[in-house]
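Each remark here refers to the structure printed beneath this line.
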Amino acid sequence: MNALLSHWRRHPVQALMLVLGLALATALWTGVQAINAEARASYDRAASTLAQDRLPRLVAPRITLADYVALRRAGWQVSPVIEGDWNGLRLVGIEPLTMPSEGGGSPDFLTDGVILSSEALDDPRVRAADLPPGLALTDIGVAAGIFGQDISYLVLVSGAAPPGYSVIRPTGADLSQLTESFHLNLTAFGWLAFGVGLFIVHSAVGLAFEQRRAMFRTLRALGVSARRLASMLLAELLIFALVAGAAGVGLGWLIAAALLPDVAATLRGLYGADVGGTLNLRAEWWLVGLAIAVLGTLVAAGQSIWRLWRMPPLAPAQPRAWARESARAMRMQALAGMGLWLASAALLLVPGLWAGFAVLGALLLGGALILPFALAVVTRRLGGGVVASWFWADTRQQLPGLSLALMALLLALAANIGVGTMVGSFRTTFTAWLDQRLAADLYVEAADAETAARLLDWLGDRATVLPMIQTEDTLDGRPVEVVGMVDAPLFRRAWPLLQAATGAWDRLAAGDVFVNEQMGLSPGDETEMGTVAGVYADYGNPMPQVILSMDRHRAAYPLPLLRYALITDLPAADIREAFPTVAVQNQAAIREASVQVFERTFAVTGALNVLTLGVAALAIFASLLTLSSLRLPQLAPVWAAGMTRGRLAGLEFLRTLALAALVWALALPMGLALAWVLLAVVNVEAFGWRLPMRLFPGEWLRLGGLSLLAAALAAALPVRRLARVRPAELLKVFAHER
Amino acid sequence: MLTLTDIRKSYDTSEGSVTVLDGVSLSLAGKETMALTGESGSGKSTLLHLAAGLDAPDAGQVTVAGQPMGRTDAERARMRRETVGLVFQQFNLIPSLDVGANLAFQARLAGRFDAAWQTELAEALGLSDLLHRYPEQLSGGQQQRVAIGRALAARPALILADEPTGNLDEATGDQVMALMLRLVAETGAALLMVTHSPRLAGMLDRHAHLRAGRLA
C-alpha cells in the first residue's frame, strides 16, 4: 500500500486534480440535491399543515359569523377561516373543532392567544413551529381580533355546497407536482456537471495507472496477487473518494446556500411556492453525497481496476495504449455515438418528460463519443507547410490522451449553447409577449369577490375599464382557470393568439372559447365549454386556462374573482384612495416584476452553466499537466531538428486553443440540437408551451471567446513549464528510452 | 568544418558541481570522419550535444561551417537545422509523422528540401516502400535508416552521430554503418561519431578518446 501511495506523494498535482475533480463533481451534484431536498421539504410541510388550501372553499360577498352559525345549525359541513396579511405573513385563523385534521385542526390552537409561526417575531403571542415560510396559524378568535369578525371563506368539509355561495375547488395539482419539472431541470444539470467532473477522475486515475504499470509489474513479479493489488488500488481510491466526497458535500452545501435564494424566488414567482431562503443541514444528503462520490469514483476507475485485475505478471512496463489509442477504438467509439444519436432520434417519438431528458442524455453522450473521431477527421484535412503538417499530425496523436477532457469541454459548451439559446429564445418571446399582453396602462386586482364587485361598480362611471374575471373549474376532467373577457379593440389588437380560427373574436363572443397553449388543443377542437376558436400564449402560468366571453362567464359563475381590471385612463392614486386594499399596478411595474422573476429563474441555470464550464476547463488543465511529462520524448526530436523551445511552447499553446476552437465549432450544432429538444420537447412536456427558437450568434462568439480563455488558462502552466524546460531535460530523451 | 576550442562544461548535481568537459579542443575538416570514444560518463555525449548546439558550453567556442555557434536558443536552433544532421542511438523519430514526412522534416524546416535528393536517399536507404508507415510500425534497423536519411536530407555540413548502432544487432548495425558512411561521403559532410566499439571506431578516418573530460 505504501508503494502504491508513494506515487501520489511524487505527483501531488495529479492527486490534487483527482480530489478536486471528484470534489467539484460531488459538489455540483449535492448542491442541486440540497436545493431540491429543501424545496421538497417545504412543499411537504405546506401539504401537511395547509390542507385547507386543498379543500373546496365557499365564497360570498360577505360571510358573517351569523351566516356560519346558521349553516352549521342547518347541517352544512363547513368550517370558517379568517385570514389576512399580518406582519408580512399570511395569518390563517381556523376553527379547530370543525376543521378536519387534514385541514390543520389541532388541540394546540385551543391554547388562548397563541400564534404559530415559522419565523420568530417580536410578539409575545408567537411561538415557533415547523410551518412553511411566510405562514402563521392561529385560532379563529385571535384572527378575528386582528382582522375583524367577518369570515374570509368557509371550507367545505364534506357534502354539497349550500346555496348562495360560490365554490372554489382546489386545483388538484399540489406544489410538488407543479414544480417537479423545475426540479427535474436542476437535477439534469446536477448529473451533467457530475458527469463532466467524472471525466477528470477517469483521466487522473487512468494516467496514474499507466504511470505505475512498471510498479504493478514489479509487485506482481514479487508475488503480490492480482486480487490483492486490485484490492489495494480500490482501497486507495476509496480513501480519495471519501476525502474528496466530504470536501465536495461541504462545497455543495455552500453552492446550494448561495443559489437557494434565487431558486426560492423563482419558485415563488412561478408557482407561488414558498421555500425558505436558508438551507438546513440534512443528514441524508451528506450520506448520499458521500455515496455518490464513492460510486462515481468506482465508475470512473472501473476500467483501470479491471485492467489491473487482468494484467499478466509480464505485461509490458511502457506506458502504451492510454496515449496511443488505436484509430480502430476511436472508430468503434464513434459508431457507438452514432447509435446513441439514432436512439435519441427514436426517443423523440416517446411522450413524457423523462423521455425528453433521455433524448438530451443520448444526444450529449453520443456527441462526446463521436468527438475524438470527428476531430481526427477534421485535423487530417488541415495542413500546409512542414510545421503545420507536423502540428496537426501531432495534434491527432494527442487526441486519445486529451479526448476525455475535450469531451468534458464539448458537453459543457453544448449545454451552454443549448441552455443559452433556450433562455435567449424564452427571453425574447417572453418580453415580446409581455409587451403584447400588458396593453393597458394600469392593472387592478381585487382579493375577493365582494371588493371586486364594488370596485367594478365604482370604476364603471369613471374610466374605460376592461375587466377580466376568473374562477376555477374543471374541463374534460382537468382543473382549469376559467377567465371571462370583454370583447374590446385593445384585446383584439394585443391578445397573443398563436393560432386562430377565422373570425376568432366574433366566435368567442358567439359562444366559442379560447384556450391557452397549456391545454394542448387546436382551433376547431371540441370541449365541454365550447369549440376552440383560438389558442394563445400564456407563459409562466402552470395552469391550463380557458377564456369565455364576459357574458357567458357571468352566467356560468355568479361570484368570480376579479383577476384584472385593465384601465387606460384613470390615475392610480384615485383608485388607491378609494380602495386601499386593492392592488393597483402600472404596466411598467408588472413588466419589471415579471422580467425579474424570469431572470432569477435562469440565474440558477446560468450559474450551473458557468460552473460546468469551469469544471471542463479544470479537466483540460488536469490532462495537459499530466500529459506534459509524457510530451518531452515527442517534442525533443523536433527541438533537435532546429525548433526553439519557445516556438514549441507557443505551438503547444496554439494547439490547446485550436482544439478548444474546434470543439466549440463542433459543440455549436450539438448545442442548437439541444436547444431544439429543450424548446420543442422538454418545455412542452414540462410546461405545456412551445417557444419559437431564436439564434444568438453574438452569444456563441462570446462563448467561443470564453472557451478559448478557459483553454488558455488551462494551458498556461504546462506551456510555461515547457518553454522553460532545461536543455538537459530534453537531452535525457536522447540518452535513454523513457 | 567543426572546431571546438577549449570547451568547458559542468553540471550542478545534488552533490555539487561536476565538471564533465575540462578544456577540450578539436577540429574536424570537411569530408573527414572521426570516432569519439571514452568510458561511460567521460563526456562524449555532452561534447556531441555542445557541437550540435543542443546545449551551450560554460566556456569555449564552437564553430560549425565557419560560423560560431550562437548564444541564444534561436540562433543555435537555426544553426542546427541548417548545418547539422543528428543521429541518435534511440532513433528519436517524430512519432506523429510517417517515414516520408520524417525524412523531409528537417530539410523542409531549413528551407532546403530537394525532392529528387529525398527520393535518392529513400532508395539508397531501402525506404521507398515504407514512406507511408509510421515509426512504431518499423523495426529498429529501419528506424535508424530513417534517422540517417533525416540527418542527410538537408545536406548538412556536419553529421553528429551518438552510438548510431548501439540499439541494433551486429549484422544490422554493420549494414546501417556502411550505409551511413557511404552517404556521408557522397554528401561531402564531416562526421563525428560517438561509439564504444573500437571496431566501428576503426572504420573512421580519425579517433579521439575522452577521459575524465579531457582528450587523451
Item to complete: Quick one: pull up CG in A:L722 and CG in A:L717 and give me the separation to the nearest 0.5 Å.
Response: 11.5 Å
Worksheet item: Looking at A:F391, does the NZ or CZ of A:R655 lie under 6.0 angstrom from its six-membered ring centre and within 45 degrees of the ring axis?
Response: yes
Fill in: Toward chain A, the part of B:L86 with a non-hydrogen atom under 4.5 Å
side chain
Worksheet, complete the sentence: If one checks every heavy atom of B:A74 against chain A at 4.5 Å, the contacting part turns out to be both
Worksheet entry | Contacting moiety of B:F88, where chain A heavy atoms sit under 4.5 Å | side chain
Discussion item. Which atoms of A:R396 are under 4.5 Å from chain B, going by heavy atoms: the side chain, the backbone, both sets, or neither?
Written reply: neither
Discussion item. Check for me whether A:R381 meets the cation-pi criterion with A:W392, that is, NZ or CZ under 6.0 Å from the six-membered ring centre and within 45 degrees of the ring axis.
Written reply: no
Worksheet item: Hey, are B:D162 and B:S45 close enough side-chain-wise for a donor-acceptor pair under 3.5 Å?
Response: yes
